[in-house]
There are 2 protein chains.
Amino acid sequence: MKNRNTKQKQMILDTLKKDHNHPTIQELFEQIVAQEEVGQATVYRNMSRMVEEGLVNKIAMPNGVDRYDADLSNHYHLVCRKCGRLMDIFDDKLPERLMKIEKDKHIQIDNTSILLEGICSDCLKKEE
Amino acid sequence: MKNRNTKQKQMILDTLKKDHNHPTIQELFEQIVAQEEVGQATVYRNMSRMVEEGLVNKIAMPNGVDRYDADLSNHYHLVCRKCGRLMDIFDDKLPERLMKIEKDKHIQIDNTSILLEGICSDCLKKEE
DNA sequence: ATAATTATTGAGAACAGTTATCAATAAAGG
DNA sequence: CCTTTATTGATAACTGTTCTCAATAATTAT
């Protein structure tokens, strides 16, 4: 008798799945509270549990608060220092290289987080 | 008349350079205070400035407090979930791949942080 | 169905790490 | 030296997160 399904938990996951902007917990909380009564402790609790369960990914940000991502596909992120957005970066060769490292260095890699800091393509275009 | 040299600032940088365990600010503070009078606000202030100046790297940890690194060479990190240590990972092919991504995606990458989570070679050996 | 059990919730207190405040100190330059 | 002003140290304030605990509600047993 563990890990019950509650409407709050479902609401939190649904909200994150719809939000493709890698929201913080506070941002998630605001969206959810607008639709339904939820305590923010509940959002914190469920988020960390869902991260443990692998339902959701946490993105540790260099200067600030963690962000969350319901997209579990193998991808990376770029935080743009112009517009501040966190963009998805997909690349199929990077995982191969990481597997090579895993073998060469005799380590076991369970999770990879790659955070690039720089300027996104949109902002680069505008600069010209 | 900006950016003066103080003995505190020097002390902080020296201490970080000697500590190869990617200490947190609190850990740094304890080491420094043992030798000399320093306020912890001073350590916080100088660390964030030194990160801005590029003298030092900040490592955003997934579950917890940021760690710092005075080794500016191009390398990555593995946090071991057995021993908890943060190990350096050097690989010369990864930067090439990232430069390829930079070109392909039309983005500008100023900084790359790669944090692998898993088990270090020492702990893997012990497990057998 | 109904009752019993217990995981989950919500509100707020507590906590940890970090930043801001401000008078005192001490670098840097004249 | 003397002046200027960046930096320091102590502490208060702040922010994001976790903890506490009684109330609630999801599951299991009756």
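The sequence lines fix the lettering, A, B, ..., with proteins before strands; numbering per chain opens at 1. If you're wondering where the values come from, they're calculated on a predicted model, not measured in any experiment.
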Of the nucleotides C:dG17, D:dG9, C:dT8, which one has an atom closest to the side chain of B:Arg45?
D:dG9
Between B:Ile25 (CD1) and C:dG17 (P), how many Å, whole number?
11 Å
Taking the side chain as every heavy atom from C-beta outward, state whether A:Asp88 and A:Asp69 have any pair of such atoms under 4.5 Å apart.
yes
Of A:Asn5 and B:Asp66, whose closest DNA chain C nucleotide lies nearer the 5' terminus?
A:Asn5
A:Glu37 has an atom CD; how far is it from atom P of D:dT24, in whole Å?
14 Å
Does the side chain of A:Arg49 get closer than 4.0 angstrom to OP1 or OP2 of C:dT8 through an N or O atom?
yes
Can you tell me if the side-chain N/O atoms of B:Thr6 get under 4.0 Å from OP1 or OP2 in C:dA27?
no
To the nearest angstrom, the CE-C1' distance between B:Met61 and C:dG17 comes to 15 Å
Between B:Glu36 (CD) and D:dT7 (C1'), how many Å, whole number?
14 Å
Just by distance, no angles: are the side chains of A:Asn3 and A:Glu53 close enough, under 3.5 Å, to form a donor-acceptor pair?
yes
Please compare B:Gln40 and B:Gln8 by the position of their nearest nucleotide in DNA chain C and report the one closer to 5'.
B:Gln40
Out of C:dT18, C:dG10, C:dT8, which has the shortest distance to the side chain of A:Arg4?
C:dT8
Considering only side-chain heavy atoms of B:Ala41, which listed nucleotide, D:dT17, C:dA20, C:dA11, is closest?
C:dA20
Test your reading of the model: is there a side-chain donor-acceptor pair from A:Glu96 to the backbone of A:Lys93, 3.5 Å cut-off?
no
If you take all heavy atoms of A:Ile119 and A:Leu78, which pair is closest and at what distance?
O-CD2, 3.9 Å
Closest approach to the side chain of B:Lys9, judged atom by atom: which nucleotide of D:dT20, D:dG9, D:dT7 is it?
D:dT7
N or O in side chain of B:Tyr44 less than 4.0 angstrom from C:dT18 OP1/OP2
yes
Measure CG/A:Asn3 against C1'/C:dT8 and give the value in whole Å, please.
11 Å
Compute the ring centroids of B:His75 and B:His77, then answer whether they are less than 6.0 Å apart.
yes
To the nearest angstrom, how far is B:Asn46 atom CG from C:dA20 atom P?
15 Å
Atom pair distance, as rounded to whole Å: CD in A:Gln10 and P in C:dT9
12 Å
